[in-house]
Amino acid sequence: MEIVEAPPGWPVNEAEALAVQDELRTRVVLDEPGPQVGTGPVTGVDVAYDDERDVVAAAAVVLDAATLTVVEEATAIGRVTFPYVPGLLAFRELPTVLAALASLTSDPGLVVCDGYGRAHPRRFGLASHLGVLTGLPVLGVAKNPFVFTYAEPGQSRGDFAALVADDGEEVGRALRTQHGVKPVFVSAGHRVTLESACAHALHLARDFRVPESTRRADALCRRALREVSGRA
DNA sequence: GCGACAG
DNA sequence: ATCTTGTCGC
């Protein structure tokens, strides 16, 4: 398996990255309802890092939304070319994630990624960026609230509270996916509404706090990283 | 100006 | 994200 490098012209510093976000943010579509919940393919994507060697492993796992069983898996190994900067995660992860997605033979359908979409300092998180580059419907499910504060949602599965930006816009939701457990933070990425994103997230988090799609992708990219860097 | 801050 | 032992619980 060859090592994925960032494509020509990919930002190499913060200033370039900010300019790219400012350009691409205008192409986000958030007025489409998105795929129907519980039907068709759903693809989870995630990455794992080896900071010592500046290597990143990406995984894309396609699930059947009706049964939450695995349909297809793909991985890619890439070189990290961008530092971790909160708000610029996409520039670290996306080249390798795109390669993993591209190697799938089946339709990804709706893509679910770790992190945010609209709920981002410049309204253009990882999920939105991935959506614009691929044209696919994408939503983001994060495990931490990032820069946004939220009211504690009710304790029941499905209860939620708004993630509100300075201008009053509801950019995401803190969603309780299992009774009494810490909520996850959902936002729309591209070609899905926030309502739809939350409905999908809840459906996918049928058995655990985190959606099955991201659990599978997380396990797979860690395994892929071990296979290339874990030994020696 | 300083710290916080998705993964 | 990742570094890491034991421990509580199903």
Side-chain angles (χ1 to χ4, degrees), chain A residues 4 6 11 14 17-18 20-21 24-25 28 44-61 75-98 100 111-132 138-150 163-166 171-175 177-190 194 197-198 201 207-211 213-231:
Chain A
V4 176
E14 200 164 326
L18 291 173
V20 167
Q21 287 188 332
L24 296 185
R25 62 193 289 182
V28 175
V45 296
D46 193 18
V47 300
Y49 298 101
D50 177 349
D51 287 327
E52 302 294 286
R53 299 166 179 257
D54 278 343
V55 165
V56 56
V61 180
T75 60
I77 303 299
R79 194 134 280 148
V80 178
T81 60
F82 202 93
Y84 170 65
V85 180
L88 301 179
L89 249 194
F91 299 93
R92 246 169 108 72
E93 309 196 339
L94 287 193
T96 313
V97 167
L98 288 168
V111 177
V112 180
C113 54
D114 269 30
Y116 283 116
R118 182 82 185 154
H120 176 275
R122 291 168 297 281
R123 305 291 184 276
F124 194 71
L126 180 60
S128 298
H129 201 144
L130 181 59
V132 166
V138 184
L139 66 89
V141 178
K143 295 179 286 296
N144 294 291
F146 198 15
V147 295
F148 296 97
T149 57
Y150 63 101
L163 247 42
V164 183
D166 301 329
V171 293
R173 286 176 183 171
L175 174 67
T177 54
Q178 298 291 329
H179 189 99
V181 306
K182 177 182 175 179
V184 294
F185 304 89
V186 183
S187 57
H190 183 61
L194 177 57
C198 288
D207 304 327
F208 301 94
R209 175 170 94 106
V210 168
S213 43
T214 65
R215 295 186 74 246
R216 304 310 280 241
D218 179 75
L220 181 57
C221 67
R222 290 191 197 216
R223 193 199 317 160
L225 185 63
R226 271 186 311 151
E227 287 171 4
V228 295
S229 183
R231 37 71 174 174

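The structure displayed is predicted, hence computed values, not measured ones. First the proteins, then the strands, lettered A, B, ... as listed; each starts at 1.
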Fit a plane to each ring of A/Tyr116 and A/Phe146, take the angle between them on a 0 to 90° scale, and name the class: parallel (under 30°), tilted (30 to 60°) or perpendicular (over 60°). parallel
Across the strands shown, which category fits A/Ala48 at heavy-atom distances under 4.0 angstrom: base, sugar-phosphate, nothing? sugar-phosphate
Between A/Phe185 and A/Tyr150, is the gap from one ring center to the other below 6.0 Å? yes
Rounded off to whole Å, could you give me the CG-to-P distance for the A/Asp51 and C/dT4 pair? 13 Å
Using a heavy-atom cut-off of 4.0 Å across all strands, would you classify A/Asp46 as base, sugar-phosphate, or nothing? sugar-phosphate
A/Leu225 CG to B/dG7 C1', straight-line distance once rounded to whole Å: 14 Å
Evaluate the ring planes of A/Phe124 and A/His129, with Trp represented by its six-membered ring, and classify them as parallel (under 30°), tilted (30 to 60°) or perpendicular (over 60°). tilted
Please identify which of these residues, A/Asp50, A/Val47, A/Thr75, meets the side chain to side chain contact (heavy atoms under 4.5 Å, CB included) condition with A/Leu225. A/Asp50
Within this structure, what is the CG-to-C1' distance between A/Leu130 and B/dG7, rounded to whole angstrom? 14 Å
Indicate whether OP1 or OP2 belonging to B/dC5 is found under 4.0 Å from a side-chain N or O atom of A/Asn144. no
Measure OH/A/Tyr150 against P/B/dA6 and give the value in whole Å, please. 12 Å
Would you say B/dA6 has OP1 or OP2 under 4.0 Å from some side-chain N or O of A/Lys143? no
Atom CG of A/Asp218 and atom C1' of B/dA6: how far apart are they, to the nearest Å? 14 Å
Against the side chain of A/Glu93, the closest entry in B/dA6, B/dG7, B/dC5 is B/dG7
Whole-Å distance separating the CZ atom of A/Arg92 from the C1' atom of C/dA1: 8 Å
Phosphate OP1/OP2 of C/dT2: any A/Arg222 side-chain N/O under 4.0 Å: yes
Under 4.0 Å, counting only non-hydrogen atoms across every strand here, what does A/Gly87 touch: a base, just sugar-phosphate, or nothing? base
What integer distance in Å separates A/Asp54:CG from C/dT2:C1'? 14 Å
Specify the separation, in whole Å, of atom OH of A/Tyr49 and atom P of B/dA6. 13 Å
Which part of the nucleic acid does A/Leu163 contact within heavy-atom distance under 4.0 Å: base, sugar-phosphate only, or nothing? nothing
Check for me: is A/Tyr84 stacked on B/dG7 by the 5.5 Å centroid and 30° plane-angle rule? yes
For the student: nearest non-hydrogen atoms of A/Ala127 and A/Gly117, plus distance: CB-CA, 3.8 Å
